[in-house]
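Working notes, beginning with the structure itself.
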Amino acid sequence: MIVSISNGLLYICFAILMGRCLLGIIPKDKKTSVAMPKKTLAMAIILIPSLSFISLLDLAFALNHYREESIVASIGYVVNNIAPGHAWLALSLLALLFLILLFVLRRNATIPILYTLGIFLTFGMLFTQATVGHSASMGSYPGAAAHLFHYTAVTAWIGVLLITSWFSKNDDNWQKFISWFTPFAIGCIAILALSGMFMNYFLNESIVDSWTLPYGQALLWKFLLFIPILFFAFINSVLIRKRVKQDAQYSPINWWRAESVIILTVISVTAIMTEQEPPHNIEQTLQAGESSILFQTFASVPATTDLIIELNGLSVLFLLVGLLFLGCILYTFVQKTSPYLALVMAGLAAISLYFGLMNAISI
């Protein structure tokens, strides 16, 4: 659990760095005024190697059961002799360079060179993580490349959204900001989807069969939560753009924050996935007794392989209710209702779609 929490916070730190650096190179007249303290940026930089070290510490404790040495010696062994340890050293060096750069240019932190170099350093840190991820271990260089594209796209898209949502000082230039951010977000989502499918090719033996395992369940929830995000993205790009044109005083900040809440939920699910065994040998994993508790609770068939999707009356009902809740997300915007009510609709939509799929599983 601690490792999953640290991984979730790690994703947020990367998003903060990438988002702030990207916004730093955008002209002032094409974005809202952002007031994020430099201490926050520095803290995110410091936390990255600190949080990533927790995974190494967990690995060292696991190895220590098979070694007749102290835990300190096991930590040293992990750092010096195992690929994740080497990646952590490279990550720490890049973070240190970023911190030095921020300190040197602290009096001129608005100049583009700081953020331009920051983008390259952040990309380098993402690269170190991609080289030791599940995709790299199972898909070699193509898997690592897919992970890198996936990681970069998600941190760029989410980072800009988070920084703009929670650190904007005013509502100036929303229309100009949305005009460039919309195609930027669409591009990131496209890369995210393509790289995700490519990674799934290496990691997932069978999509439906994988739902019997904790990793597959987490992946399913990630997908189901991503569907409402697309609805929020449509609102925050197309619909809000029209409303801002009609009313220059309108502030879309709460809708952007609502979208960021769902995204943070997806990040939490992703963090859990990093500590689960990918479903590359499902039958063997099931024989070891590692099936998902969620699957055992909500599926009407035993945890086995060769599962199929076969719609029935109950599953269709849940799926239709889920689609209805998705439609309610758009309806709340049209009716100028609180975006946080739309968040509730998003959660209910994901739950309904989940029950629909679980009830459709058959042997």
Let me confirm one number: the OG-CG distance from S268 to L225, rounded to the nearest 0.5 Å.
10.0 Å

Could you pull out the closest heavy-atom pair between K176 and D29, with the gap in Å?
CD-O, 3.0 Å

Could you tell me which non-hydrogen atom of A156 sits nearest to which non-hydrogen atom of C188, and how far apart they are?
CB-SG, 4.3 Å

Contacts of W166 that satisfy side chain to side chain contact (heavy atoms under 4.5 Å, CB included) - sequence neighbours left out:
L162, R257, S260

Look at the side chain of T164 and the backbone N and O of L161, then say whether any donor-acceptor pair between them is shorter than 3.5 Å.
no

Joint hydrophobic cluster, F127 plus L91, side-chain heavy atoms closer than 4.5 Å
yes

Apply side-chain contact (heavy atoms from CB on, under 4.5 Å) to the pair L56 and I75, showing each step before the final yes or no.
CA-CA 7 Å; L56 294 185; I75 293 173; over 6 Å; no

Is L230 reachable from V154 through a run of hydrophobic residues whose side-chain heavy atoms are each under 4.5 Å from the next?
yes

Quick one: pull up OG in S6 and CG in L51 and give me the separation to the nearest 0.5 Å.
6.0 Å

Please check this pair: side chain of S168 against backbone of S165, looking for a donor-acceptor N/O pair closer than 3.5 Å.
no

Residues forming a side chain to side chain contact (heavy atoms under 4.5 Å, CB included) with P183, sequence neighbours excluded:
none

Taking every non-hydrogen atom, the tightest pair across I119 and C21:
CG1-CB, 3.5 Å

Do I82 and H86 come within less than 4.5 Å of each other through their side chains, counting heavy atoms only?
no

Is there a side-chain contact between T155 and F123 in this structure, where contact means two heavy atoms from C-beta onward sitting under 4.5 Å apart?
no

Can you confirm whether F184 is buried at CZ, in the sense that more than 12 heavy atoms of other residues, nucleotides or ligands lie under 6.0 Å from that atom?
yes

Report yes if the side chains of W88 and P49 come closer than 4.5 Å at any heavy-atom pair, otherwise no.
yes

Please tabulate, for side-chain N and O atoms in residues 345-363, each donor-acceptor pair with protein atoms closer than 3.5 Å (sequence neighbours left out).
{"residue": "S352", "atom": "OG", "partner": "L348", "partner atom": "O", "Å": "2.9"}
{"residue": "Y354", "atom": "OH", "partner": "Q217", "partner atom": "OE1", "Å": "2.6"}
{"residue": "N359", "atom": "ND2", "partner": "F355", "partner atom": "O", "Å": "2.7"}
{"residue": "S362", "atom": "OG", "partner": "E310", "partner atom": "OE1", "Å": "3.4"}

Could you check whether the rings of Y151 and Y11 sit parallel, tilted or perpendicular, using 30° and 60° as the cut-offs?
perpendicular

With a 4.5 Å cut-off on side-chain heavy atoms, are S52 and L10 touching?
yes

Distance check, rounded to the nearest 0.5 Å: L89 atom CG versus S92 atom OG?
6.5 Å

Kindly write out the residues that satisfy side-chain hydrogen bond (donor to acceptor under 3.5 Å, both in side chains) with W174, not counting sequence neighbours, or none if the list is empty.
D171

Of the non-hydrogen atoms in P228 and I262, which two are nearest, and what is the gap between them?
CB-CD1, 4.3 Å

F120 side chain reached by F98 side chain, heavy atoms, under 4.5 Å
no

Applying a strict under-4.5 Å side-chain criterion to I, L, V, M, F, W and Y, I'd like to know whether V160 and F149 cluster together.
no

Please check this pair: side chain of H150 against backbone of S195, looking for a donor-acceptor N/O pair closer than 3.5 Å.
no

Please report the shortest heavy-atom distance between L94 and G124, naming the atom on each side.
CD1-C, 3.3 Å

F223 atom CZ: more than 12 heavy-atom contacts under 6.0 Å:
no

May I ask you to check whether F177 and W256 place their ring centres under 6.0 Å from each other?
yes

Quick check: do I189 and I186 have side-chain heavy atoms less than 4.5 Å from each other?
no

K169 versus T32: any side-chain heavy-atom pair under 4.5 Å?
no

L99 CG to I48 CD1 distance, which is reported to the nearest 0.5 Å:
10.5 Å

Would I45 and L121 count as a side-chain contact (heavy atoms from CB on, under 4.5 Å) if you check the C-alpha gap in whole Å, the side-chain angles of each, and the deciding distance to 0.1 Å?
CA-CA 11 Å; I45 298 171; L121 289 171; over 6 Å; no

N7 and S55 have their tightest heavy-atom pair at OD1-OG, 3.6 Å

Could you give the distance from OH (Y115) to CG (L17), rounded to the nearest 0.5 Å?
11.5 Å

Just jot down the side-chain hydrogen bond (donor to acceptor under 3.5 Å, both in side chains) partners of Q296, sequence neighbours excluded, or say none.
S291

Under a single-linkage definition using a 4.5 Å side-chain heavy-atom cutoff for Ile, Leu, Val, Met, Phe, Trp and Tyr, are I113 and L97 assigned to the same hydrophobic cluster?
yes

Quick one: does F295's side chain get under 4.5 Å of V301's, heavy atoms only?
yes

Could you give me the CA-CA distance, side-chain angles and deciding distance for I263 and W157, then say whether side-chain contact (heavy atoms from CB on, under 4.5 Å) is met?
CA-CA 10 Å; I263 290 175; W157 169 44; 4.3 Å; yes

Keeping the roles fixed (side chain from K31, backbone from I26), state whether a donor-acceptor pair exists under 3.5 Å.
yes

What's the verdict on side-chain contact (heavy atoms from CB on, under 4.5 Å) for C13 and L47, showing C-alpha distance, side-chain angles and the deciding distance?
CA-CA 7 Å; C13 289; L47 281 174; 3.8 Å; yes

Once rounded to the nearest 0.5 Å, what's the spacing between atom CD1 of I158 and atom CZ of F14?
13.5 Å

Return a table of donor-acceptor pairs under 3.5 angstrom between the side chains of residues 328-338 and protein atoms on other chains or two or more places apart.
{"residue": "T332", "atom": "OG1", "partner": "C328", "partner atom": "O", "Å": "3.3"}
{"residue": "T332", "atom": "OG1", "partner": "I329", "partner atom": "O", "Å": "2.6"}
{"residue": "S338", "atom": "OG", "partner": "Y340", "partner atom": "N", "Å": "3.2"}

Quick check on the hydrophobic clustering: are L117 and L102 connected, directly or via other members, by side-chain heavy-atom contacts under 4.5 Å?
yes

